[in-house]
Amino acid sequence: MLVNGRWTEDWQPVQKADEDGRFVRQVSSFRDWITPDGSAGPAGGAGFMAETGRYRLYVALICPWASRTLIARKLKGIEDLIPVTAVNPALATQGWQFGGYAGADEDPLFGARHLHEIYTRADPAFTGRATVPVLWDTKRGVIVNNESADIVRMFDSAFEHLVPSDLRLYPEELASEIDALNPRIYDKLNNGVYKAGFASSQEAYEEAVAGVFDMLDELEEQLTDDFLFGDRLTETDIRTFVSLIRFDAAYYGLFKVNRRQIAEYPRLSAYMERFLRVPGVAETVNMDHIIRGYYAIERLNPARITPAAPAHIEQLMAKVA
Ligand SMILES: N[C@@H](CCC(=O)N[C@@H](CS)C(=O)NCC(=O)O)C(=O)O
């Protein structure tokens, strides 16, 4: 991580743990918002007007949080407005690295070797982890926001006047239901799998695994329509999908969330495939980056052997390609 703008040598790809061995995820630090007219958004300052080509999105294709933003960008049809740069799948000794791997990019803006250089460009004294996603403003030379939940909402609302869309990922009528379900899915599933994988005590692991499967069981029950809230796709579907698509290929083995695979849940499997078939979504999923990236976490996989992809996942990806 960065401490006062300098990379520290004892950096570990695993984040913090509390005193009972529970994994603790860092809170995002850049929280400005792009808005249609540049006025201030729900947090941060003003001055980030929606403009074509002004902003760049840095992502890792392995990362579920970054994938949320990639999917929102596709579904809202704003790819031409916001170019993307993808880092290499594996976290290296200095964190996320650019270039040299199929499906990953060089940094086109500064020729940076590592993502942490982008952070110190924005704030030369930055202290914290250099995480993806990063939404960069080429005009002011700063990071607008590095919190995927905010970026998804911005993509949903800030560019409507430039690229009109019928799709609302966070429609007003469903806002209270979305706001009630999102944090539960985050805690038990999205972050729950990480809590299981990075637990450093048996108790923390068991607590996390129970949460993961409670949530999967609950979602399996709830999924009687095409999407979680009926026939309308929302941001909650994006948040759920990014965890489901990584589950059988990475989380099940590496994070030891191995009571069941998604393939054993009929409705969740059908839902995952349905979502994957929404135009644009399959292009955001790179199974090679997902498997390589997760299994490169040395603390969890010391020999760094990359496992084979589960056959059913390979078949699914081939079907939707
Ligand atoms: N709250 C952030 C979380 C982002 C996050 O934790 N990203 C991970 C990859 S999945 C990361 O970049 N980790 C690098 C590190 O911790 O050094 C979001 O949702 O945008």
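Every heavy atom of this structure was used, including side-chain atoms; hydrogens, water molecules and symmetry mates were not. Counting convention: from 1, in listed order, for ligands and their atoms alike.
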| query | Using 30° and 60° as the class limits, which term best fits the ring planes of Phe155 and Phe159: parallel, tilted or perpendicular? | reply | perpendicular
| said: With a heavy-atom distance limit of 4.0 Å, tell me whether Arg129 approaches ligand 1 through its side chain, its backbone, both, or neither. | reply: side chain
| request: Any atoms of ligand 1 less than 4.0 Å from a non-hydrogen atom of Trp96? List them with their elements. | output: 9 (C), 11 (C), 12 (O), 13 (N), 14 (C)
| query | Quick one: which ligand 1 atoms are inside 4.0 Å of a heavy atom on Pro133? | reply | 20 (O)
| said: Parallel, tilted or perpendicular, judged at 30° and 60°: which one describes the rings of Tyr194 and Phe23? | reply: parallel
| request: Indicate yes or no: does an N/O atom of Glu147 lie under 3.5 Å from an N/O atom of ligand 1? | output: yes
| message | Taking ring pair (Phe, Tyr, Trp, His ring centres under 6.0 Å) as the criterion, tell me which of Tyr252, Phe247, Phe255 meets it with Tyr294. | response | Phe255
| query | Should the pair Tyr55 and Phe48 be assigned to parallel (<30°), tilted (30 to 60°) or perpendicular (>60°) ring geometry? | reply | tilted
| request: Go through the side-chain N and O atoms of Asp217 and Tyr265 and say whether any donor and acceptor fall under 3.5 Å apart. | output: yes
| said: Distance under 4.0 Å to a non-hydrogen atom of Ser148: what atoms of ligand 1 satisfy this? | reply: 18 (C), 19 (O), 20 (O)
| Which atoms of ligand 1 have any heavy atom of Cys63 under 4.0 Å away? | 7 (N), 9 (C), 10 (S)
| note | Short version for Asn146: what comes under 4.0 Å of ligand 1, heavy atoms counted, is backbone
| field | Salt bridge Arg168-Glu173, side-chain N to carboxylate O under 4.0 Å | value | no
| Can you check whether Pro64 has an N/O within less than 3.5 Å of an N/O in ligand 1? | no
